[in-house]
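This report concerns only the one structure given below.
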Amino acid sequence: MRGGWKALLLLAALIPIFGSAEDFPLSELKAGQRGFAITAGPGNHLEHFPVEVLALQENDRLGFPLALIRAEGDFINRSGGIAAGMSGSPVYLQREGHNALLGAIAYTFPNSDHRLALVTPIGAMRGVLDRRVTDPFGGANLEGLDAPVPVATPLLFTGIGTREISFLRALLRESPLEFLPIQAGGVAEAEERFHLEPGSPISVQLVRGDVTVAAVGTVTTIEGGEVLAFGHPLLGTGRVSFVLSPASVLHIVPSDRVPFKLVNSGTTVLGSIVQDRPAALAGEVGTPPDLLPVTLVLSGGRGTVTTHFEIVHDERFYGPLLAAATQQVLDKTWNQISGGTSEVAWEITFETGDRLTVLEQTSDPDDLAVATAKLAAEPLLILGRNPFEAPDLEHISISVRYEEARRVAEIVHVRAETPTVEPGEAVVVFVRLQPFREEARVEEVRITLPKELKGEVELTFRAGEDDEDNEGEPEVDDEVLSFGELLVAMRNNVQASELVVEVEIGDEPLRLERIPFPFLLEGRETLRIEVQEVDTNGEEELPMGEEQ
């Protein structure tokens with residue numbers, strides 16, 4: 001490190017940063033300028049490290065330019081370069097004897113020098129709140145470098161694993177953000193000594209309580225209760241209401257792939273993240289986040305466990321966050337990855353006081369936790385995607401009963417007691433089932449036929465979740481034309497443990513029966529029967545033109 005930079009860092013440590021630095025004009029930015037950046041190290045100690053401006057880059061995709069810098073110094077060398085969790089670390093340059101804020105470290109080149117980073121200019125970040133236009137400046141040739149990506153963001157989980165990341169990827173859409181799943185071991189220590197200031201670590205929580213899902217980044221600036229951080233999007237979903245909370249840096253782990261901050265998430269609510277935009281996350285100190293409380297009860301071979309947590313109260317996030325939290329709790333409670341069967345019951349309370357109750361089952365030969373988590377999200381996905389009105393939810397209660405046994409049976413054959421019946425008469429059908437690794441069993445069912453059915457009729461016997469028309473979508477009864485009808489249809493959803501009997505009239509299937517079974521059913525079979533009227537003498541009517 002050059003001697004001049006040592007003096008600059010000493011000056012940086014002496015000059016107050018909080019709310020006092022002016023913005024560095026991009027029109028004055030030149031290659032070779034030197035400055036420093038600030039980020040939290042172990043124990044949340046604010047580390048100052050030198051940076052040098054290498055180039056300027058226009059970025060048509062983002063809509064604002066970026067500055068290429070190289071970070072140096074002992075701290076960066078010990079860390080192994082720019083680490084995951086440093087997103088938002090403020091970068092300052094000297095201007096007229098003062099520290100001027102250039103912007104936030106936001107992008108790196110994963111397969112190149114870990115000391116290189118791109119800085120989102122502070123003007124673009126302020127535009128997230130006030131939409132001010134950033135100053136234009138000349139382009140640069142970055143030939144030879146990999147395509148830049150946002151600094152990897154640590155995503156914290158409580159529990160025993162980080163498999164839940166797969167559900168959250170549905171929220172990323174086209175975002176280039178890379179999550180780095182990290183197991184959180186507890187809450188931030190000494191939160192009473194936490195100071196929200198440029199360079200301090202923050203936890204942006206999507207789920208909080210007995211379950212935590214949180215992203216970690218760094219504060220760039222805080223002025224008048226408004227916080228700017230990260231320098232890139234989290235989920236990129238625009239106006240949001242995420243929890244703004246402290247974080248505690250335990251250690252910085254060097255890595256050839258990407259160094260990362262090992263961090264714990266805090267419990268104190270500092271405010272809300274209110275904007276999630278390409279240039280930054282913007283937050284408001286003291287503004288409470290909008291959260292939806294969830295109670296999850298698991299019952300099974302390891303007893304009953306009740307978990308309370310809150311998720312972001314935004315219909316776009318209901319399904320993925322609930323799935324991630326459910327899997328997290330089931331993984332922690334069951335403490336194994338294996339197949340089995342589960343039954344899920346929901347009670348969803350609306351702000352109007354109305355309640356929606358739903359019951360469904362699922363089974364999986366390899367990973368019951370994933371299958372159950374997907375199922376737990378389904379009613380929330382339906383509500384969140386409905387075209388009628390916003391679902392104003394007040395509380396969600398989910399009860400999951402699970403077992404290691406695969407309680408499933410395949411429909412292998414159906415046979416009618418008699419191949420000919422009268423219109424409107426009940427036909428007795430024997431359904432042969434093959435339970436998983438048990439002896440086959442035959443169940444007798446009675447199907448009442450509509451009076452208008454005549455001639456040769458084909459009946460379909462299928463599993464409740466085997467609906468070819470829905471193509472993987474959760475099945476609800478009948479055509480839905482309003483939000484009220486949707487709730488009724490969800491209450492009457494066809495369950496996986498039900499045998500559905502249908503007959504096709506015209507081009508539309510008509511459901512005749514829904515029969516519950518002690519198994520989750522699989523497959524479908526068809527049965528042809530003859531529906532004929534009889535004459536008054538009790539003899540069958542013959543087709544016209546035939547003699548007795």
Side-chain angles (χ1 to χ4, degrees), residues 164 167 170 207 209-211 213 291-300 304-331 333-334 340-364 368-386 388-403 407 464-465 467 470 472-478 480 483-498 514 516 520:
E164 301 79 6
F167 293 112
V207 182
D210 293 340
V211 177
V213 177
L291 300 173
L292 177 63
V294 178
T295 301
L296 176 61
V297 180
L298 297 180
S299 301
T304 299
V305 176
T306 301
T307 304
H308 301 278
F309 55 91
E310 297 172 297
I311 63 175
V312 172
H313 202 329
D314 187 320
E315 62 188 53
R316 297 170 295 180
F317 305 141
Y318 289 161
L321 292 182
L322 195 57
T326 300
Q327 182 179 328
Q328 196 175 148
V329 174
L330 191 51
D331 276 347
T333 303
W334 204 10
T341 305
S342 65
E343 182 171 77
V344 183
W346 296 262
E347 182 177 82
I348 302 172
T349 305
F350 297 85
E351 293 180 358
T352 58
D354 294 333
R355 281 180 169 80
L356 170 65
T357 56
V358 183
L359 182 67
E360 185 56 286
Q361 307 83 23
T362 191
S363 181
D364 192 271
L368 181 62
V370 169
T372 303
K374 290 179 179 178
L375 180 62
E378 283 186 358
L380 282 302
L381 289 173
I382 294 174
L383 291 173
R385 295 170 182 170
N386 91 86
F388 306 111
E389 61 182 73
D392 296 324
L393 307 187
E394 186 176 78
H395 186 266
I396 301 173
S397 293
I398 303 177
S399 178
V400 178
R401 183 171 56 85
Y402 65 93
E403 57 185 284
R407 192 165 42 85
E465 64 179 8
D467 186 357
N470 282 351
E473 289 295 321
E475 180 181 355
V476 293
D477 287 330
D478 305 325
V480 172
F483 188 72
E485 290 183 12
L486 174 65
L487 297 186
V488 171
M490 292 178 68
R491 290 187 183 99
N492 296 327
N493 73 298
V494 179
Q495 299 173 35
S497 61
E498 289 182 304
R514 290 172 50 184
L520 279 70

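The chain is numbered in sequence order, starting from 1. Keep in mind the model is a prediction, meaning the values are calculated, not measured.
- Distance check: Leu296 CG to Thr307 OG1 gives 5.5 Å after rounding to the nearest 0.5 Å.
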(message) Checking Leu356 against Trp346 for the side-chain contact (heavy atoms from CB on, under 4.5 Å) test, could you report, in this order, the C-alpha distance in whole Å, the side-chain angles of both residues, the deciding distance, and whether it holds?
(response) CA-CA 8 Å; Leu356 170 65; Trp346 296 262; over 6 Å; no
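- Of all heavy-atom pairs between Pro391 and Phe350, the closest is CB-CE2, 4.4 Å.
- The minimum heavy-atom distance linking Glu403 with Leu368 is given by the pair O-CD2, 3.9 Å.
- For the pair Ser363 and Leu520, the tightest heavy-atom approach, listed with the atom from each and the gap, is N-CD2, 3.5 Å.
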(message) Checking Glu315 against Leu383 for the side-chain contact (heavy atoms from CB on, under 4.5 Å) test, could you report, in this order, the C-alpha distance in whole Å, the side-chain angles of both residues, the deciding distance, and whether it holds?
(response) CA-CA 8 Å; Glu315 62 188 53; Leu383 291 173; over 6 Å; no
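- Minimum heavy-atom separation, Thr295 to Thr306: CG2-CG2, 4.0 Å.
- For the atom pair OG1 (Thr304) and CZ (Arg401), the distance works out to 11.0 Å, reported to the nearest 0.5 Å.
- Of the listed residues (Arg355, Glu351, His313), just one forms a side chain to side chain contact (heavy atoms under 4.5 Å, CB included) with Glu394, and that residue is Glu351.
- For the pair Asp210 (side chain) and Phe309 (backbone), a donor-acceptor distance under 3.5 Å is absent.
- Using a 30° and 60° split on the angle between ring planes, Tyr402 and Trp334 fall in the tilted class, from 30° to 60°.
- Between Ile398 and Leu322 the shortest side-chain heavy-atom distance falls below 4.5 Å.
- Between Val480 and Ala489, the shortest heavy-atom distance links the atoms CG2-CB, 3.9 Å.
- Residues Thr372 and Val344 are in side-chain contact: their nearest non-hydrogen atoms beyond the backbone lie under 4.5 Å apart.
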(message) One pair to check against side-chain contact (heavy atoms from CB on, under 4.5 Å): Val358 and Glu378. What are the steps and the verdict?
(response) CA-CA 10 Å; Val358 183; Glu378 283 186 358; over 6 Å; no
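- Here Arg385 contributes atom CZ and Leu486 contributes atom CG; the two are 12.5 Å apart, rounded to the nearest 0.5 Å.
- The minimum heavy-atom distance between Leu381 and Pro320, with the atom names listed, is CD2-CD, 4.4 Å.
- Interatomic distance, CE of Met490 versus OG1 of Thr357, reported as 10.0 Å (0.5 Å rounding).
- A donor-acceptor pair under 3.5 Å links the side-chain atoms of Glu360 to the main chain of Ala496, judged by distance alone.
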(request) Evaluate the criterion side-chain contact (heavy atoms from CB on, under 4.5 Å) for residue pair Ile348 and Leu393; output intermediate values, then yes/no. (result) CA-CA 7 Å; Ile348 302 172; Leu393 307 187; 3.7 Å; yes
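- Side-chain contact between Asp364 and Lys374 is absent, with no heavy-atom pair separated by less than 4.5 Å.
- For the atom pair CD (Gln361) and CD (Glu465), the distance works out to 9.0 Å, reported to the nearest 0.5 Å.
- With hydrogens and angles disregarded, no donor-acceptor distance shorter than 3.5 Å links the side chain of Glu310 to the backbone of Leu291.
- A donor-acceptor pair under 3.5 Å is absent between the side-chain atoms of Thr362 and the main chain of Leu375, judged by distance alone.
- From Ser497, atom OG reaches atom CG of Leu359 across 7.0 Å, with rounding to the nearest 0.5 Å.
- By the 4.5 Å heavy-atom criterion applied to side chains, Phe483 and Asn386 are counted as neighbours.
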